[in-house]
> 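Attaching a single structure in structure tokens format; questions to follow.
Heavy-atom basis, side chains included; hydrogens, waters and symmetry copies ignored. Whatever order the structure lists them in is the order used to number ligands and atoms, beginning at 1.
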Amino acid sequence: MAGMTTPVAVIVDAAAYAQAVEDAVKASAAYYAGGTSVLDDDAYDRLVRGIAAWEAEHPDQVLSDSPTGKVAGGAVEGDVPHTVAMLSLDNVFSPEEFTAWTASLARRIGHDAERFSVEPKLDGLAIAARYTDGRLTRLITRGDGTAGEDVSHAIGTIEGLPQELAEQLTVEVRGEVLMTTAQFEHANEVRTAHGGQPFANPRNAAAGTLRAKDRAYTVPMTFFGYGLIPRPDTDVALAARLRECAHSDLMTRASELGVNTTGSTAVPGTTAESAEQVLARVQEIAALRTQLPFGIDGIVIKADLAGDQQAAGAGSRAPRWAIAYKLPAVEKITRLLEVEWNVGRTGIIAPRAVLEPVEIDGSTITYATLHNPADITRRDLRLGDHVMVHRAGDVIPRIEAPVAHLRTGDEKPIDFPEVCPRCGAAIDTGEQRWRCENGRNCHLVASLSYAAGRDQLDIEGLGHTRVVQLVESGLVADLADLFALTRDQLLGLERMGETSTDNLLTAIDTAKGRPLSRVLCALGVRGTGRSMSRRIARYFATMDTIRAADAETMQQVEGIGTEKAPSIVAELTELAPLIDKLADAGVNMTEPGATPPATPGDADGGADGGADGGAETTGGPLAGMTVVVTGAMAGTLEKLSRNQMNELIERAGGRSSSSVSKKTSLVVAGEGAGSKRAKAESLGVRLATPDEFAALIADFLD
Ligand code: IVH
């Protein structure tokens, strides 16, 4: 199915229709029960929409087992009847479709729904948990909606589903069992360690784990409740109260009883009074999706009041009082064609998957990260495998796992490099991430080009081709060699005339005077980029103080924790000869305007003990302020890059940030500023034009 891009599967005749129904039924059965993927969600949705379109044209030929007309998941039947059917949900895919649904709901119940509840659609499996006098006695899967499978053996392995409620009630709690990202990784580790195939994604992992009996190991899962209903033997008064309760109140009640709900997450269920409010909340939840520690595939909107729900009623497949607003799929199945091994700036040799191109949420994905060789082995990936690819937001796509049951036997093992694919040197395989023994020299061209870049030493005229020339001619073997280049040496190179030689020498000379933050950044210390380099340079003020810092002192810099600090210190030790050579060549090693912490190494060294040790003590017009720059700069600031604006803000005592929040003190908004300006306005954050800002920090402009 990978590679299909039409929103609706096109069905041309009755035979294709029958085949489509069969495919959908199979996929649905696997989805609700199996733990293996046949179609990814998106392909399934397209198929069902195609089936529905064909049925609309041929109403007399609709097959009885069509997924459009029955409770989905019908192929797997269990032996425990549900007292109240476990229904599915209809879907909408756009604000327009959602608004149309609210209108049809209003028509059905004779008035606008009084209130909606809005909660994430958790990507797991529906389950019914039966409590008798407060004790969890039975767990049943959804099955075909009318009867499910008894999975009570899983009691005790599902976090958030207590074995004992806070009150001795006889009730049924319904909700979703899933694996958080961490639980999924753990489950696959344990499973592969026991010789099993890894699960393709957290949903399959939860399905497989829930149904597996007599395993040698148990792995935890998580439960989120979204329903609380009476059982046949529930006390009559309690049953009546539950039936009259608004959904949002039922969720509060469930949580009081000790059941986990979405209330414990970054995307708690909320209520909304209008379709507009619902849509705003849908956007909020969608925006948070990539940061959640569990998967969601949409947002469920329910008429909140019991009266409205009863008036709306239910069809055989889904209630009419609730709808799923589906978010774009973040996972697709495609094939792993090749693995490339790329050597990074620091000599790290990283595998990258080359995929059969697949469209996920509007982008065509051809590559995915594979982390490291151990990861490939652990997940037993092979060339030619069907793989589940995950892409969320701007994060680099990753391969979740191979889809083992789609193997044909023709898959080939992935070859690991024996020598560095860039320079042929030996590989240090001592760490999880493999590294060329030549380290950053392996990739000298890349590291020199980076160092010469606009946001680092900003050496005009030293582009990629010129760097290659310098390295290949043997004139430059490390960054410091640049500063020893002579006029004659440069003139001896091909295509180097007098003017370009003189210009390059001037540019190199200018680069010697760049602030310490940029020199540090140019060194390419792993784990530090532009803003981290600025923070380190401003905190310590001189290269000597930085080099004198141990891991503990390094942690005084904001954003450097216990993990990063030792690796930065170790990197700096490794770079010591190069730093000495740069200093000898006359490269500046101090940060203008910053003063070293009073007692280097003292935890309180930076007066405030915080990030900007030197900066805070020198004050400045932006002291204590967090400033965000957006839109095009103008006037005296026109030529400054974002990085230079951030440097300026920090020189003037402020903190630069790229996102607007309540904590932002000032937003400098130029021409073309969009969402950040709007957000600042809505939060009441102070705004300034580029000119106003220039006047504010005039003393700090070069
Ligand atoms: S309400 C009668 N709420 O989505 C209403 N379902 O596609 C039935 N799901 O079978 C369910 N999160 O497994 C509801 N907050 C949520 C949900 C949710 C996930 C699942 C549930 C259902 C499926 C329908």
> Return the option from His247, Arg317, Glu176, Lys302 holding the heavy atom at the smallest distance from atom 1 (S) of ligand 1.
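Heavy atom nearest to atom 1 (S) of ligand 1 belongs to Lys302.
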> Is the distance between the ring centroids of Phe224 and Phe294 less than 6.0 Å?
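So the answer is yes for these two rings.
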> When you compare ligand 1 with Pro120, is there at least one nitrogen or oxygen pair between them that comes in under 3.5 angstrom?
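Such a contact does occur with ligand 1.
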> Could you check whether any heavy atom of Arg174 sits closer than 4.0 Å to an atom of ligand 1, since that is the contact criterion I want to use?
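The answer is no: ligand 1 sits nowhere under 4.0 Å from a heavy atom of Arg174.
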> If we set the cut-off at 4.0 Å for heavy atoms, which region of Lys121 has an atom near ligand 1: side chain, backbone, both, or neither?
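Looking at Lys121 and ligand 1, atoms from backbone and side chain both fall under 4.0 Å.
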> Do Arg191 and Phe199 form a cation-pi contact, if we require the NZ or CZ to be under 6.0 Å from the six-membered ring centre and within 45 degrees of the ring's axis?
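Yes, Arg191 sits over the ring of Phe199.
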> State the atoms of ligand 1, each with its element, that fall below the 4.0 Å cut-off from a heavy-atom position in Glu119.
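So the answer, numbered in order with elements, is 3 (N), 15 (N), 16 (C).
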> Report yes or no: does Met86 have a heavy atom closer than 4.0 Å to ligand 1?
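Distance cut 4.0 Å: Met86 fails for ligand 1.
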> Holding to salt bridge (charged side-chain N to carboxylate O under 4.0 Å, His left out), I want the full list of residues that pass it with Glu176, two or more places apart in sequence or in another chain.
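Salt bridge (charged side-chain N to carboxylate O under 4.0 Å, His left out) list for Glu176, sorted by chain: empty.
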> Does the distance from a Lys or Arg side-chain N to an Asp or Glu carboxylate O, for Arg379 and Glu400, drop under 4.0 Å?
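No, this pair does not count.
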> If you measure every N/O of Pro319 against every N/O of ligand 1, is any gap under 3.5 Å?
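Between Pro319 and ligand 1 (N or O atoms, distance only) the closest approach is not under 3.5 Å.
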> Within a distance under 4.0 Å of any heavy atom of Arg142, pick out the atoms of ligand 1 and give their elements.
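This gives 10 (O) as the contact atoms.
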> Below 4.0 angstrom, N of the basic side chain to O of the carboxylate: do Arg382 and Asp380 qualify?
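Result for this pair is yes, salt bridge flagged.
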> May I ask you to list the atoms of ligand 1 that are less than 4.0 angstrom from any heavy atom of Leu89?
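It comes down to these atoms of ligand 1: 5 (C), 6 (N), 24 (C).
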> Return a yes/no value for Trp321: is any of its N or O atoms, backbone included, closer than 3.5 angstrom to an N or O of ligand 1?
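Min N/O separation from ligand 1 is not below 3.5 Å for Trp321.
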> Do Arg281 and Phe116 meet the cation-pi criteria used here (NZ or CZ under 6.0 Å from the six-membered ring centre, within 45° of the axis)?
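Checked: cation-pi criterion not met.
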> Counting from 1, what ligand 1 atoms have a heavy atom of Ala126 closer than 4.0 Å?
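Answer for ligand 1: 13 (O).
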> Under a 4.0 Å threshold between the charged nitrogen and the carboxylate oxygen, would Lys332 count as salt-bridged to Glu356?
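No, Glu356 and Lys332 are not salt-bridged.
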> I'd like to know if Arg241 pairs up with Glu244 as an ion pair, taking the criterion as any Lys NZ or Arg NE/NH1/NH2 lying under 4.0 Å from an Asp or Glu carboxylate oxygen.
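No, Arg241 and Glu244 are not salt-bridged.
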